[in-house]
**Q** 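Pasting a structure below so you can have a look.
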Amino acid sequence: MAKQKTKFCCQECGYDSPKWLGKCPGCQAWNTFVEEIETISKTQMTHSSLLHTKEKAISIINIKSGEEQRILTGNKELNRVLGGGLVPGSLLLVGGDPGIGKSTLLLQTSHDLTQVGKKVLYVSGEESIRQTKLRADRLNASSEMLYVLCETNLELIEESIAEVQPDFLVIDSIQTVYHPAVTSAPGSVSQVRECTGHFMRIAKIKGIATVLVGHVTKEGAIAGPRMLEHMVDCVLYFEGERHHSYRLLRAVKNRFGSTNEIGIFEMRETGLVEVSNPSELFLSERPLGVAGSTVVASMEGTRPVLVELQALVSSTNFPSPRRMATGIDHNRLALIIAVLEKRMGMFLQNQDAYVNVAGGIKLDEPAVDLAIAVSIASSLRDQPTQPFDVVFGEVGLTGEVRGVSRVDQRVREAEKLGFRRVIVPEKSLKGWTPPTGIEIIGVNTVSEALKAALG
């Protein structure tokens, strides 16, 4: 006989309670507890035991070390984010807003893998087989090695996996899959946790690279408990505005590579096209000779990216001036404004300040501090910066400009795009040889940087 257990489960973090609670003790969220009836039967226990293998403890000295064998996906941007390609037996989680292009990316990746002899099983729980076929025809992603299954029952999906024996598995999406032995509704914490655990064991035992598509909440986080992100090997977020053609794929967790890499794609009628030179893309619409516009060299993982940073300073009609930031940390903007007021003598208490990173990219490294300061000063004085200057450096609270890493890569990217001058921290000029085709200006303080950029 199956045993039934009634419990209340937090839909945000998975915290269990025997009674309903208004506030979750685990994640401090309000009104997230939902009553669930969990049924544990003997059939479920027997079925789960088939996926277990008995392993013996081995001394770490006797374990052979070596790099993981990777599968190249045929998409350079995706390979960069993954750390060099797919690892067999890895479990990946891809999240993003509805309609952002998750299914398009995975269907294109599936087709690319079939071109190198890999067998792919694409399980769709949200679209029918005909809908998936129409999408594949539009993307020109049809192949005999690509198998499509429209199913949400976990046991039937496992039977198809055993029958097809794929090298790459896509589950679109994990919130639609359910285990018949668990009485909770699909998408609940119990179902998502149980199904993810099954797919994790299948991936590890059979060596199948598996991708799970996850829904996101209105805050942008992947729906379901946070433990879902702890169970997988890699978490990827697909970002971008639905009304713009550019998409960013960002890794927030990766056990086989860096978490700072981003992949940039352009959405077209024929699918997603990788952008090989993002700096040229972000600077394509930059106006020249406009006050408040500065080009900054930022590092996204191992890739230097040049983007335009815009600032607008205007008189305020409110007792407290507004400080708005898009693409950078709001607290960082307040810090830079305080440094300009205290160390540079700029009066910004009656001025609204708006800072925006053009192109929709988010910059979170301290190297953009100096560019923010130059943009704000340029807008306040209504004095344009030099159109072929690049500025980067970290700003301290005493007004000093601190050194940053990988200066040579940033400078060479600026030289490649035709920029003539680079304003960098003086402390970062040691240990490398600057190129001869571009002028390097080293500064120690914000005052020196403003004098070099604005005259």
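No hydrogens, no waters, no symmetry mates; every other heavy atom, side chains included, goes into these values. For reference, positions follow the sequence shown, starting with 1.
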**Q** Test Ser142 against Asn140 for side chain to side chain contact (heavy atoms under 4.5 Å, CB included), laying out the working first.
**A** CA-CA 6 Å; Ser142 298; Asn140 194 20; 5.9 Å; no
**Q** Would you mind reporting whether Leu139 and Thr104 have side-chain heavy atoms less than 4.5 Å apart?
**A**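 Sidechains of Leu139 and Thr104: in contact.
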**Q** Less than 4.5 Å apart, any side-chain heavy atom of Val355 and any of Thr326?
**A**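 When only atoms from C-beta onward are counted, Thr326 and Val355 do not touch, as no gap falls below 4.5 Å.
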**Q** Let me see the working for Lys119 and Tyr147 under side chain to side chain contact (heavy atoms under 4.5 Å, CB included), right down to the final yes or no.
**A** CA-CA 8 Å; Lys119 191 179 295 186; Tyr147 295 82; 3.7 Å; yes
**Q** Counting only heavy atoms not in Glu163, do more than 12 fall under 6.0 Å of its CD?
**A**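 No, not enclosed.
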**Q** Starting at OG1 of Thr294, measure out to CZ of Phe392 and round the result to the nearest 0.5 Å.
**A**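 Thr294 OG1 to Phe392 CZ: 14.0 Å, rounded to 0.5 Å.
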**Q** Could you check whether atom CD of Gln115 has more than 12 heavy atoms from other residues, nucleotides or ligands sitting under 6.0 Å from it?
**A**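 Enclosed.
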**Q** For residues 286-293, run the donor-acceptor check on the side chains, cut-off 3.5 Å, and write out each pair with its distance to 0.1 Å, sequence neighbours left out.
**A**
{"residue": "Arg286", "atom": "NH1", "partner": "Pro387", "partner atom": "O", "Å": "3.0"}
{"residue": "Arg286", "atom": "NH2", "partner": "Pro387", "partner atom": "O", "Å": "2.9"}
{"residue": "Ser293", "atom": "OG", "partner": "Glu308", "partner atom": "OE2", "Å": "2.7"}

**Q** Quick one: closest heavy-atom pair of Gly84 and Leu72, and the distance?
**A**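 Closest heavy-atom pair between Gly84 and Leu72: O-CD2, 3.3 Å.
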**Q** Among His215, Gln131, Gln175, which residue meets the side chain to side chain donor-acceptor pair (under 3.5 Å) test with Glu126?
**A**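 That would be His215; it is the only one of His215, Gln131, Gln175 passing the side chain to side chain donor-acceptor pair (under 3.5 Å) with Glu126.
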**Q** Take Lys416 and Glu280 through the test salt bridge (Lys or Arg N to Asp or Glu O under 4.0 Å) and record every step on the way to the result.
**A** CA-CA 10 Å; Lys416 184 173 67 175; Glu280 186 176 357; over 6 Å; no
**Q** Under a 4.0 Å N-O cut-off, is there an ion pair linking Arg135 with Glu127?
**A**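 Salt bridge between Arg135 and Glu127, a charged N being under 4.0 Å from a carboxylate O: yes.
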**Q** Measure the shortest side-chain to side-chain distance between Val390 and Ile423 over non-hydrogen atoms and say whether it is less than 4.5 angstrom.
**A**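 Of all side-chain heavy-atom pairs linking Ile423 with Val390, none is under 4.5 Å.
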**Q** Enter the distance from Ile336:CD1 to Leu348:CG here, rounded to the nearest 0.5 Å.
**A**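 If we round to the nearest 0.5 Å, Ile336:CD1 and Leu348:CG are 12.0 Å apart.
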**Q** Given the rule in the salt bridge (Lys or Arg N to Asp or Glu O under 4.0 Å) test, do Lys362 and Glu239 qualify, once you have shown the distances and angles that lead to the verdict?
**A** CA-CA 10 Å; Lys362 295 180 180 178; Glu239 305 172 354; 5.1 Å; no
**Q** Can you name the closest pair of heavy atoms from Leu309 and Ala371 and give their distance?
**A**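 Shortest heavy-atom contact: CD2-O, 4.2 Å.
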**Q** Measure the CG-CG distance between Leu380 and Leu340 for me, rounded to the nearest 0.5 Å.
**A**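 One finds 9.0 Å between CG of Leu380 and CG of Leu340.
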**Q** At what distance, to the nearest 0.5 angstrom, does OG of Ser258 lie from CG of Leu82?
**A**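 These two atoms lie 12.0 Å from each other.
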**Q** Looking at Asp137 and Lys133, does any basic side-chain N land under 4.0 Å from a carboxylate oxygen?
**A**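 Between Lys133 and Asp137 there is a salt bridge, with a charged N closer than 4.0 Å to a carboxylate O.
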**Q** At what distance, to the nearest 0.5 angstrom, does CD of Gln108 lie from OG of Ser103?
**A**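 Reported value, rounded in 0.5 Å steps: 11.5 Å.
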**Q** For the residue pair Ser17 and Lys19, what are the closest heavy atoms and their distance?
**A**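 The pair with the smallest heavy-atom distance is OG-O, 2.7 Å.
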**Q** Assess the residue pair Leu134 and Arg130 against the criterion (side chain to side chain contact (heavy atoms under 4.5 Å, CB included)); give the C-alpha distance rounded to whole Å, side-chain angles, the decisive distance to 0.1 Å, and a yes or no.
**A** CA-CA 6 Å; Leu134 290 174; Arg130 291 181 177 272; 5.6 Å; no
**Q** Examine distances only and state if a side-chain atom of Gln165 and a backbone atom of Ala162 form a donor-acceptor pair shorter than 3.5 Å.
**A**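 Here the side-chain-to-backbone pair exists.
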**Q** Using the ring of each side chain (for Trp, its six-membered ring), is Tyr15 parallel, tilted or perpendicular to Phe33, with breaks at 30° and 60°?
**A**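 Geometry flag for Phe33 against Tyr15: perpendicular rings.
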**Q** How close do Lys118 and Ile71 get, heavy atom to heavy atom, and via which atoms?
**A**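 That closest heavy-atom pairing would be CE-CG2, 4.1 Å.
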**Q** Is it true that the side chains of Thr6 and Glu35 contain a donor and an acceptor less than 3.5 Å apart?
**A**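 Distance-only check fails for Thr6 and Glu35.
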**Q** Will you find, in the side chains of Gln191 and His179, an N or O donor that is under 3.5 Å from an N or O acceptor?
**A**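 Distance-only check fails for Gln191 and His179.
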**Q** Would you mind reporting whether Ile202 and Thr210 have side-chain heavy atoms less than 4.5 Å apart?
**A**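 Thr210 does not reach Ile202 side chain to side chain.
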**Q** With sequence neighbours left out, what residues match Val275 under side-chain contact (heavy atoms from CB on, under 4.5 Å)?
**A**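 Only Ile264, Glu266, Leu281 meet the side-chain contact (heavy atoms from CB on, under 4.5 Å) criterion with Val275.
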**Q** Side chain of His330, backbone of Arg323: donor and acceptor closer than 3.5 Å?
**A**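 Between the backbone of Arg323 and the side chain of His330 there is a qualifying donor-acceptor contact (under 3.5 Å).
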**Q** Using atom types as modelled and distance alone, determine if a side-chain donor or acceptor of Ser379 lies under 3.5 Å from a backbone N or O of Val313.
**A**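 Judged by distance alone, yes, a pair lies under 3.5 Å.
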**Q** Would Glu229 and Lys253 satisfy salt bridge (Lys or Arg N to Asp or Glu O under 4.0 Å), going step by step from the backbone distance to the final call?
**A** CA-CA 8 Å; Glu229 299 185 12; Lys253 174 188 176 181; over 6 Å; no
**Q** Can we say Glu365 and Arg410 salt-bridge, meaning some charged N sits less than 4.0 Å from an Asp/Glu carboxylate O?
**A**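 Yes, Glu365 and Arg410 are salt-bridged.
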**Q** Among residues two or more places apart or on two chains, list those pairs meeting side chain to side chain donor-acceptor pair (under 3.5 Å) that have a residue in residues 348-357.
**A**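 Sorted pair list: Thr316-Asp352.
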**Q** Please test Asp233 against Lys204 for salt bridge (Lys or Arg N to Asp or Glu O under 4.0 Å), starting from the C-alpha separation and ending with a verdict.
**A** CA-CA 11 Å; Asp233 298 316; Lys204 302 302 180 184; 2.6 Å; yes
**Q** So Cys195 and Ile174, do their side chains get closer than 4.5 Å, heavy atoms only?
**A**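 Yes, at least one pair of side-chain atoms sits under 4.5 Å.
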**Q** So which atom in Val357 and which in Val307 form the shortest heavy-atom distance, rounded to 0.1 Å?
**A**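 Scanning both residues, the minimum pair turns out to be CG1-CG2, 4.2 Å.
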**Q** Please round to the nearest 0.5 Å and tell me the distance separating atom CG of Leu91 and atom CG of Leu169.
**A**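 Between atom CG of Leu91 and atom CG of Leu169 there are 9.5 Å.
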**Q** Counting only heavy atoms not in Arg322, do more than 12 sit closer than 6.0 Å to its CZ atom?
**A**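 Incorrect, the count does not exceed 12.
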**Q** Quick one: does any side-chain atom of Glu285 pair with a main-chain N or O of Phe282 as donor and acceptor, under 3.5 Å?
**A**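 Absent.
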**Q** Looking only at atom types and distance, does a side-chain atom of Glu151 sit under 3.5 Å from a main-chain N or O of Asn153, one as donor and one as acceptor?
**A**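 Yes: the side chain of Glu151 pairs with the backbone of Asn153.
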**Q** Does some side-chain heavy atom of Asp172 sit less than 4.5 Å from a side-chain heavy atom of Tyr122?
**A**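 Yes, side chains in contact.
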**Q** Output yes when a side-chain donor or acceptor of Ser90 lies under 3.5 Å from a complementary backbone atom of Leu86, and no otherwise.
**A**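 Looks like no, no N/O pair under 3.5 Å.
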**Q** I'd like to know whether Val170 forms a side chain to side chain contact (heavy atoms under 4.5 Å, CB included) with Leu121, so could you lay out the CA-CA distance, the side-chain angles of the two residues, the decisive distance to 0.1 Å, and finally the verdict.
**A** CA-CA 6 Å; Val170 179; Leu121 176 60; over 6 Å; no
**Q** Have a look at Glu261 and tell me which of Asn79, Asn254, Thr302 forms a side chain to side chain donor-acceptor pair (under 3.5 Å) with it.
**A**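 Among Asn79, Asn254, Thr302, the one meeting side chain to side chain donor-acceptor pair (under 3.5 Å) with Glu261 is Thr302.
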**Q** Might you point out which heavy atoms bring Glu77 and Phe265 nearest each other, and give the distance in Å?
**A**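 So the two residues come closest at CB-CZ, 3.6 Å.
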**Q** Keeping Thr152 on the side-chain end and Gly125 on the backbone end, is there a donor-acceptor pair under 3.5 Å?
**A**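 Here the side-chain-to-backbone pair does not exist.
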**Q** With heavy-atom distances below 4.5 Å as the criterion, would you say the side chains of Val211 and Ile171 are in contact?
**A**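 Of all side-chain heavy-atom pairs linking Ile171 with Val211, none is under 4.5 Å.
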**Q** Determine whether a donor-acceptor pair (N or O, by modelled atom type, separation under 3.5 Å) exists between the side chain of Thr196 and the backbone of Arg193.
**A**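 Not at all, since once roles are kept as given, no pair shorter than 3.5 Å links the two residues.
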**Q** Is any side-chain heavy atom of Tyr178 less than 4.5 Å from a side-chain heavy atom of Leu154?
**A**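 The answer is no; the side chains never approach within 4.5 Å.
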